[in-house]
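Counting starts at 1 for both ligands and their atoms, following the listed order. Residue indices begin at 1 and follow the sequence shown.
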Amino acid sequence: MDIKKLQKIHHPSGDIFVFESEVFNFPVRRVYFIKNVPVGGVRGHHAHKTLKQILICPHGAVEITLDNGKGLQEKVILDNPDDALYVGPYVWHTMKWMEKDSVLLVLASDSFNESDYIRQYSDFLKEINRLSKHDQS
Ligand code: T46
């Protein structure tokens, strides 16, 4: 899991969390956030072919599961607003809402493109196999 800490600036009037893009190795071209998901709701269930993303939970708690298609499944609960999780290409990911009113903020390397998604797990496994055969040759 690649989790970086955002800079946290304490102030008597409130805290500021700062993300400097050099921390990750891609320029951010799109920002979106997801909210109003009921507790227990699970989203995602896909991988991207090229998109790189950073997931931050500024409020509440969201459990992220990452699966590399080679038997490694990792889970983390984002419940600290200063945690920034990197999710790269060819990682099957799901996001489960653990607390009411949780918000998931996403910084993405590119604009929205449906053809960049792999939405069937069987297609994902085929792609992972194809890529590892390609790497071995
Ligand atoms: C991801 C996780 C972390 C758009 O038209 N533009 C957008 O920028 C986005 C993000 C979504 N959409 C459309 C595509 C679907 O018709 O909104 C609909 C819901 O998207 P999706 O089912 O992919 O949502 P999530 O929450 O499962 O996944 C989202 C991102 O789509 C995805 O890239 O990695 O958050």
Side-chain angles (χ1 to χ4, degrees):
M1 288 260 176
D2 186 356
I3 297 181
K4 301 277 195 306
K5 282 281 175 194
L6 303 192
Q7 183 191 1
K8 184 176 175 180
I9 303 168
H10 280 296
H11 193 274
S13 61
D15 297 333
I16 296 179
F17 297 85
V18 183
F19 178 83
E20 299 280 354
S21 62
E22 307 86 75
V23 177
F24 285 94
N25 59 351
F26 66 86
V28 172
R29 297 196 53 198
R30 174 171 52 121
V31 175
Y32 60 92
F33 57 89
I34 306 169
K35 56 179 281 192
N36 294 336
V37 179
V39 172
V42 184
R43 304 182 62 92
H45 298 291
H46 60 248
H48 286 281
K49 296 175 193 165
T50 62
L51 195 71
K52 300 171 180 173
Q53 301 195 101
I54 293 158
L55 276 51
I56 299 168
C57 179
H59 181 79
V62 179
E63 181 187 75
I64 312 294
T65 304
L66 302 181
D67 177 344
N68 71 355
K70 298 173 185 170
L72 180 66
Q73 243 200 28
E74 296 179 289
K75 276 185 201 293
V76 65
I77 294 184
L78 294 178
D79 57 359
N80 259 318
D82 57 349
D83 282 343
L85 171 68
Y86 173 71
V87 181
Y90 293 102
V91 175
W92 189 264
H93 51 281
T94 56
M95 308 89 73
K96 182 176 182 183
W97 260 246
M98 307 299 284
E99 285 179 16
K100 192 172 179 291
D101 296 333
S102 298
V103 176
L104 187 67
L105 172 67
V106 184
L107 315 181
S109 62
D110 216 338
S111 43
F112 175 75
N113 177 7
E114 185 59 43
S115 66
D116 191 68
Y117 286 74
I118 305 169
R119 291 199 182 267
Q120 294 294 327
Y121 193 71
S122 54
D123 293 341
F124 169 65
L125 291 181
K126 275 186 213 154
E127 276 296 290
I128 293 293
N129 278 332
R130 189 182 63 78
L131 290 171
S132 35
K133 277 184 193 146
H134 184 263
D135 286 349
Q136 283 159 16
S137 62

Return the residue, atom name and 0.1 Å-rounded distance of the protein heavy atom closest to [atom].
| atom | value |
| --- | --- |
| atom 19 (C) of ligand 1 | R43 NH2, 4.1 Å |
| atom 27 (O) of ligand 1 | G44 N, 2.8 Å |
| atom 34 (O) of ligand 1 | Q53 NE2, 2.6 Å |
| atom 22 (O) of ligand 1 | R119 NH1, 3.8 Å |
| atom 35 (O) of ligand 1 | Y32 OH, 3.3 Å |
| atom 31 (O) of ligand 1 | Y117 OH, 2.6 Å |
| atom 33 (O) of ligand 1 | H48 NE2, 2.7 Å |

Q. Heavy atom under 4.0 Å from ligand 1: found in I34's side chain, backbone, both, or neither?
A.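 The part of I34 near ligand 1 is the side chain, not the backbone.
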
Report the distance from atom [atom1] of [X] to atom [atom2] of [Y], rounding to the nearest 0.5 Å.
| X | Y | atom1 | atom2 | answer |
| --- | --- | --- | --- | --- |
| L105 | I54 | CG | CD1 | 9.5 Å |
| I64 | C57 | CD1 | SG | 8.0 Å |
| D123 | H46 | CG | NE2 | 14.0 Å |

Q.
Could you tell me, atom by atom, which parts of ligand 1 come under 4.0 Å of a heavy atom of M95?
A.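 Answer for ligand 1: 2 (C), 3 (C), 26 (O), 28 (O), 35 (O).
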
Q) Should you measure from each heavy atom of R30, which atoms of ligand 1 turn up under 4.0 Å away? A)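 With R30 as reference, the close atoms of ligand 1 come out as 7 (C), 8 (O), 9 (C), 10 (C).
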
Q. Could an N or O of ligand 1 be found under 3.5 Å from any N or O of F112, whether backbone or side chain?
A.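 No - when backbone and side-chain N and O of F112 are compared with those of ligand 1, no distance drops under 3.5 Å.
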
Q: Could you say whether the N/O atoms of H46 and ligand 1 ever approach to under 3.5 Å?
A: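 Looking only at distances, the answer is yes, because the N/O contact criterion of under 3.5 Å is met.
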
Q) Can you find a protein heavy atom closer to atom 16 (O) of ligand 1 than 4.0 Å? A)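 It does not; no protein heavy atom is within 4.0 Å.
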
Q: Would you verify that at least one protein heavy atom lies under 4.0 Å from atom 8 (O) of ligand 1, or report that none does?
A: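 Looking at atom 8 (O) of ligand 1, one finds that a protein heavy atom does lie closer than 4.0 Å.
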
So which atom in [X] and which in [Y] form the shortest heavy-atom distance, rounded to 0.1 Å?
| X | Y | answer |
| --- | --- | --- |
| D110 | R29 | OD1-NH1, 3.3 Å |
| W92 | Q120 | CH2-C, 3.6 Å |
| I118 | F124 | CG2-N, 3.6 Å |

(Q) Between K49 and S115 (side chain of the first, backbone of the second, donor and acceptor by atom type, cut-off under 3.5 Å), is there such a pair? (A)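 A pair under 3.5 Å: yes.
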
(Q) Test your reading of the model: is there a side-chain donor-acceptor pair from S102 to the backbone of A61, 3.5 Å cut-off? (A)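 Yes.
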
Q: Check whether any heavy atom of H45 sits under 4.0 Å from an atom of ligand 1.
A: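 Under 4.0 Å: no for H45.
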
Q.
Counting neighbours of NZ on K35 that are heavy atoms of other residues, nucleotides or ligands and sit closer than 6.0 Å, is the number greater than 12?
A.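 Atom NZ in K35 is not packed in, count stays at 12 or less.
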
Q: Step through the shown structure and confirm whether more than 12 heavy atoms of other residues, nucleotides or ligands are within 6.0 Å of CZ on F33.
A: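 Incorrect, the count does not exceed 12.
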
